[in-house]
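Per chain, numbering begins at 1; letters A, B, ... match sequence-line order. Worth saying up front: this structure is predicted, and the values here are computed from it rather than measured.
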There are 2 protein chains.
Amino acid sequence: MTVSRKSAEDRREELVRAAIALVARKGFAAVTLRDVAAEVGVAHGLIRHYFPSREALLAAAFDRAVRDELAQLPPTVDDPLVALADWCTSSVEVHYLVWIDAWAEAPRDPELATALRAHHLALDQHTAGLLRRACAAGGGRCDDPDDAARQLTAMLDGLAVQLHVLRVLTPDEHDRVALAHAERLLALRPGTLARAVSSG
Amino acid sequence: MTVSRKSAEDRREELVRAAIALVARKGFAAVTLRDVAAEVGVAHGLIRHYFPSREALLAAAFDRAVRDELAQLPPTVDDPLVALADWCTSSVEVHYLVWIDAWAEAPRDPELATALRAHHLALDQHTAGLLRRACAAGGGRCDDPDDAARQLTAMLDGLAVQLHVLRVLTPDEHDRVALAHAERLLALRPGTLARAVSSG
DNA sequence: GGTGCTGTTGTACGCATGGACAACAAAGGT
DNA sequence: ACCTTTGTTGTCCATGCGTACAACAGCACC
């Protein structure tokens, strides 16, 4: 049997990506080192060569998922209304399954809770920025963007649960409710945002 | 060692309650039959006398948690405004930790997902009723109570995550945002609901 | 072409888990 | 008093887990 060698960098990356996929599929608690190894196609002993413990691997995976999401946030869209509309309608399923699992784990894992809180605050700030710019561009009114951002993120989280977990919403309904809520927060004319959703 | 005997009914109840508490504390996946037995103070073999499997015990525990919550829903309050305001501000921490854990588990457990969806729809209907009555009593306007209920439950779920998991909100902030959102949904004068919160 | 270095494998160990079951102990009927 | 029923215990087993580690294989450098 000839073994296939990879650079340490590539292999680490491969393992982390496999871990993220498996967490989304099976949940933090159910992900096994043997699972991850099988997903990549290596012996499970190899993981110990890159990560001192299972916990370290999962922490790296979560960290990576956060970084991924934050990095791909700015969709390189200039129009503030389009940016906000896209933000309201972009709820990536895989990521949300990871977040919801992290929510469930957070009360027992202070480190994860801290990371989760930091991630949330970053998204909150991003959302506040989107709201500010969209408000100015759309002729709306927004006394307290930070408060509005809190309300929008709460709504989006709740809608994501209804969409991805409870499945009591269709994607279209999700988008309609989210956009309507954002329009109401900014006192925009109904439909302003709905018409701005990028066609892509 | 003299063993302490209990009626089958009482013992079952005791085991289910212990399971609920442990799920809230450690999460579905991490709850062990030995854990539950230790919590109650019996040998772990006893559980098999009451439940055919671990899965059956946890299912019974979740079912019981749902029943508990639905049973104690009507807070025996007549005033519709007070009832709605109480509903917006009552977010029991223990229960929500169980729900969030169930959300995380649902994508892998179709039976749990079904139960969760049924529970959600029941709450949605309850919320729609509250909104209808409060709207009439408070002189608001509500074209589509079902849609408004969907939006309120989504917001409450999102806020519960921010309060209990992320801990980026104080209970007061939670209540303020929730009440303001409900007022906006019904086009009530700001403060109408906030003043109605039962003093208890 | 030997010689380290490093990625990789396979096996082994200790441990915790869910489940199975035989033995035991407390009531309750007769 | 005996015996049946039923709640309860302790022990055993197969399995799967995270971790540890010795041996192996590809690769670069001298």
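D10(A) has its CG atom 14 Å from the P atom of dC27(D), to the nearest Å. When the P atom of dT9(D) is taken as reference, atom CG of L46(B) falls 6 Å away, rounded to whole Å. Note: CZ (R11(A)) to C1' (dG26(D)) measures 13 Å, nearest angstrom. The CD1-C1' distance, from I47(B) to dC21(C), rounds to 16 Å in whole Å.
The side chain to side chain donor-acceptor pair (under 3.5 Å) check on R25(B) picks up E39(B), with sequence neighbours excluded. Residues that satisfy the side chain to side chain donor-acceptor pair (under 3.5 Å) test with D63(A), not counting sequence neighbours, are R67(A). Checked against side-chain contact (heavy atoms from CB on, under 4.5 Å), A194(B) has the following partners two or more places apart in sequence or in another chain: L179(B), E183(B). Qualifying side-chain contact (heavy atoms from CB on, under 4.5 Å) partners for D10(B), counting only residues two or more places apart in sequence or in other chains: K6(B), S7(B).
Contact check, H49(A) against dG7(C): a side-chain N or O comes under 4.0 Å of OP1 or OP2. Look at Y50(B) and you'll find a side-chain N or O under 4.0 angstrom from OP1 or OP2 of dT8(D).
Applying the side-chain hydrogen bond (donor to acceptor under 3.5 Å, both in side chains) test to every pair with at least one member in residues 153-162 of chain A, sequence neighbours left out, gives these pairs: Y96(A)-D157(A), D124(A)-T153(A), T153(A)-Q162(B), Q162(A)-T153(B).
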Enumerate the protein-to-nucleotides 14-19 of chain C contacts in which both atoms are nitrogen or oxygen and the separation is below 3.5 Å.
{"from": "dT17(C)", "atom 1": "OP1", "to": "T32(B)", "atom 2": "OG1", "distance (Å)": "3.3"}
{"from": "dG18(C)", "atom 1": "OP2", "to": "L33(B)", "atom 2": "N", "distance (Å)": "3.0"}
{"from": "dG18(C)", "atom 1": "N7", "to": "R34(B)", "atom 2": "NH1", "distance (Å)": "2.8"}
{"from": "dG18(C)", "atom 1": "O6", "to": "R34(B)", "atom 2": "NH2", "distance (Å)": "3.3"}
{"from": "dG19(C)", "atom 1": "OP2", "to": "R54(B)", "atom 2": "N", "distance (Å)": "2.9"}
{"from": "dG19(C)", "atom 1": "O6", "to": "H44(B)", "atom 2": "NE2", "distance (Å)": "2.8"}

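A donor-acceptor pair is defined here as one N or O able to donate and one able to accept, closer than 3.5 Å; such a pair exists between the side chain of R54(B) and the backbone of V31(B).
Among the atoms of the strands shown, none is found under 4.0 Å from any heavy atom of F51(A).
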